[in-house]
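Residues take their numbers from the sequence shown, with the count starting at 1.
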Amino acid sequence: MTNTPLRPRLPGRPPTPTDLTERDRFAALAEASLPTVRASAEAWRNGLAAFVTLVTTGVVIKGRDTTAQLTLGWRIAVTLLIGGGIAFCLAGLWQALAAQAGTHEGTVTLADIHRRHASVAAYQIALADAAAARLRRGRAIVAVALVCLLLGIVATWWAPEAGQDPAAYVTVTHDGTSACGTLVSADGGSVRIRVAGTAEAVVVPMKRVTDLRVVSRC
């Protein structure tokens, strides 16, 4: 059995004007694919760089003041969220930089392009696809960074301050009635409490007090 070399066969019909137009359009699309993706990546890079600068400046200026009064557990949580958000922002910025500038190092010859991609147009499309993939990863990472930063900011709003006890109220029972409010003083033989909705403190002589209790709320 002998091996017969394959011979290319002519197409059944010559290319039509539509075929030629489609070929030219595809060639133009392949030519513009990489610059288009890299222009988009450059816009993302610039925006992310400005955003990272703004966030890190705010953290450096206000970060210590914001977390200094928090309890240790909340301070650790806020630090992890804000620090993680900044780290994710930097990772997203790196992906945008790689998409905009490319990461291929070394010399590429025409023979290498033909061997790996068959044509220069296919090589350009492969580069554009790799840059687009990096840009998509960068966007996903930035989305995670925004969530972390938002959670960190919300945590600073709701975190209790260190050493801050919940407000204590007292209930004073006297003459068959009760008054509840915050304790102002208990000296001079009288108890003074401030009741919500009144401008003046309620003064009750100690000898008329039949019960005095500390409560969490009135």
Side chain to side chain donor-acceptor pair (under 3.5 Å) filter on Arg136, not counting sequence neighbours, yields none

Any non-hydrogen side-chain atom of Ile141 less than 4.5 Å from a side-chain atom of Leu93? no

Rounded to the nearest 0.5 Å, how far apart are SG of Cys148 and CD1 of Ile153? 11.5 Å

Specify the closest pair of heavy atoms between Arg192 and Ala201, including all atoms of both residues, with the distance to one decimal. CB-CB, 4.5 Å

Identify the heavy atoms of Ile82 and Leu149 that sit nearest to each other, and give their distance. O-CD2, 3.8 Å

Counting neighbours of CZ on Arg139 that are heavy atoms of other residues, nucleotides or ligands and sit closer than 6.0 Å, is the number greater than 12? yes

Taking the side chain as everything from C-beta on, heavy atoms only, tell me whether Ile76 gets closer than 4.5 Å to Leu80. yes

Looking only at heavy atoms, the pair that brings Ile193 and Gly181 closest together is CD1-N, 4.2 Å

Are Val203 and Val184 connected in the hydrophobic side-chain network, where two residues link if heavy atoms are under 4.5 Å apart? no

Is Val172 reachable from Val214 through a run of hydrophobic residues whose side-chain heavy atoms are each under 4.5 Å from the next? yes

Linked, directly or transitively: Leu81 and Leu150 (ILVMFWY side chains, under 4.5 Å): no

State plainly whether one hydrophobic cluster holds both Val202 and Leu183, where clusters connect Ile, Leu, Val, Met, Phe, Trp and Tyr through side-chain heavy atoms under 4.5 angstrom apart. yes

Shortest non-hydrogen contact from Val142 to Gly92? CG2-CA, 4.2 Å

Nearest heavy atoms of Asp187 and Ser185, plus distance in Å: OD1-OG, 3.7 Å

Are Val191 and Val195 joined in one hydrophobic group, where the rule is that I, L, V, M, F, W and Y side chains link up if heavy atoms are under 4.5 Å apart? yes

Nearest 0.5 Å please: distance from the SG atom of Cys180 over to the CZ atom of Arg194. 14.0 Å

Rounded to the nearest 0.5 Å, what's the gap from CG on Leu151 to CG on Leu146? Could you check? 11.0 Å

Locate the shortest heavy-atom distance separating Gly85 from Ala145; write the atom from each residue and the value. O-CB, 3.4 Å

Separation of Trp94 CH2 from Arg137 CZ (nearest 0.5 Å): 13.0 Å

Spell out, as yes or no, whether a donor-acceptor pair under 3.5 Å connects the side chain of Thr210 to the backbone of Thr173. yes

